[in-house]
Amino acid sequence: MWEARPPTYEDHMQKPLIIANWKCNPSTREQAEHLFGTIKRETKNINGVKIVICPPFVWLPSLNGLSLGAQDCFWEKDGAYTGEVSPKMLKDLGWCDYVILGHSERRKYLKETDEMINKKIKAALKSDLTPILCIENISQLKKRTKDLLRKEQKKLIIAYEPVFAIGTGKPCTPEKAKEMKTAIKKIIDKDIPIIYGGSVNSQNATDYIKMAGFQGLLVGGASLDSEEFIKLAKNVARACPVVELRSLRDCVQ
Ligand code: PGA
């Protein structure tokens with residue numbers, strides 16, 4: 001029986017995380033419920049991975065039974081901010097525990113700055129949401145996590161998302177991604193989960209975990225095709241048994 005409960009640090013470190021970023025899709029509630037229902041049904045017996053689905057805000061109240069996250073939030077809890085959704089509102093849904101912050105598409109299309117993202121992270125943490133902080137480089141990581149206490153940093157999930165790999169079908173090589181992961185670990189607490197995102201599919205998913213030592217994946221396009229996403233989850237669960245994960249992380253630094 002699925003039970004909504006706030007995720008713990010251990011949840012993120014014990015199993016590979018597979019986070020679906022649906023972006024601005026699908027365009028009807030019926031399609032969203034169908035996609036979600038299929039993923040839920042077909043992954044319920046896969047114990048080796050932790051799946052989080054991040055749909056558009058409006059579909060969040062209709063979906064239940066897998067961990068959920070939003071794709072953005074505002075930095076104030078309420079007030080005269082037309083069009084914004086606050087972390088407090090997301091938390092109040094009762095089953096939304098994550099929020100993607102700093103995705104490069106928000107910088108590209110909406111001019112989101114590092115300073116805004118820094119404020120959003122702090123607000124999300126105050127409402128007990130787990131921020132999935134996307135970064136493309138170390139400079140962004142430093143600016144976006146500015147002034148965070150060590151104990152606050154430990155509540156983040158960092159997603160390395162090289163912009164050339166997002167939605168292009170041209171993923172970063174596991175070797176290059178691993179170099180970036182090592183660089184990230186030099187800046188932040190070394191136990192923070194770091195995941196990879198950018199043209200991940202069922203064929204290349206395991207490389208980022210087994211070869212490059214990432215803790216999980218942020219999956220865009222491939223998460224909208226239920227068959228492909230389920231295959232991806234199965235492949236990761238099969239290739240990366242839970243018992244191996246900690247030792248893998250320790251040796252693939
Ligand atoms: P993609 O998107 O998997 O379609 O490349 C990933 C993302 O933008 O988070």
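Whatever order the structure lists ligands and atoms in, that order sets their numbers, starting from 1.
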Fill in: Salt-bridge present (D78, K88; N to O < 4.0 Å)
no
Worksheet item: Aromatic rings Y208 and Y196: how do their planes relate, parallel, tilted or perpendicular, breaks at 30° and 60°?
Response: parallel
Item to complete: Check ligand 1 against G167 and write out every atom of the ligand that is under 4.0 Å from a heavy-atom position of the residue.
Response: 1 (P), 4 (O), 5 (O)
Worksheet item: Any non-hydrogen atom of G197 lying under 4.0 Å from ligand 1?
Response: no
Practice prompt. For A165, counting its heavy atoms only, list the atoms of ligand 1 lying under 4.0 Å from any of them.
Written response: 5 (O)
Discussion item. Please state which option from S223, A20, C54, G220 has its nearest heavy atom closest to atom 3 (O) of ligand 1.
Written reply: G220
Worksheet entry | Test item: side-chain donor near acceptor, Q71 and H103, under 3.5 Å | no
Discussion item. Taking 4.0 angstrom as the limit and counting only heavy atoms of G198, give me the atoms of ligand 1 inside it, by number and element.
Written reply: 5 (O)
Worksheet item: Between S199 and ligand 1, does any nitrogen or oxygen pair lie at a separation below 3.5 Å?
Response: yes
Worksheet entry | Numbered atoms of ligand 1 (with element) below 4.0 Å of H103, judged on heavy atoms | 7 (C), 8 (O), 9 (O)
Practice prompt. Determine, for K120 against D72, whether the closest basic-nitrogen to carboxylate-oxygen distance falls under 4.0 angstrom.
Written response: yes
Worksheet item: Strictly by modelled atom types, are K77 and S127 linked by a side-chain donor-acceptor pair under 3.5 Å?
Response: no
Worksheet, complete the sentence: Counting from 1 in the order shown, the ligand 1 atoms closer than 4.0 Å to a non-hydrogen atom of E161 are 6 (C), 7 (C), 8 (O), 9 (O)
Item to complete: Would you mind running through ligand 1 and noting each atom that sits below 4.0 Å from a heavy atom of L218?
Response: 9 (O)
Practice prompt. Please tell me if the side chains of N21 and I132 come closer than 4.5 Å, counting only heavy atoms from C-beta onward.
Written response: no
Worksheet item: Considering only heavy atoms of G221, which atoms of ligand 1 have at least one such atom less than 4.0 Å away?
Response: 1 (P), 3 (O), 4 (O)
Item to complete: Assign the ring pair W22 / F36 to parallel, tilted or perpendicular, where the plane angle (0 to 90°) is split at 30° and 60°.
Response: perpendicular
Worksheet item: Could K155 and E152 be called an ion pair, given the rule that one side-chain N must be under 4.0 Å from one carboxylate O?
Response: no
Discussion item. Tell me the protein heavy atom at minimum distance from atom 2 (O) of ligand 1, and give that distance in Å.
Written reply: K23 NZ, 3.2 Å
Discussion item. If I apply the N/O under 3.5 Å rule, does T168 come out as touching ligand 1?
Written reply: no
Practice prompt. Of the side chain and backbone of I166, name the one, both, or neither that has a heavy atom under 4.0 Å from an atom of ligand 1.
Written response: both
Practice prompt. Say whether N235 and K231, considering side chains only, have a donor N or O and an acceptor N or O under 3.5 Å apart.
Written response: no
Worksheet item: For ligand 1, is A222 a contact, meaning one of its heavy atoms is under 4.0 Å away?
Response: no
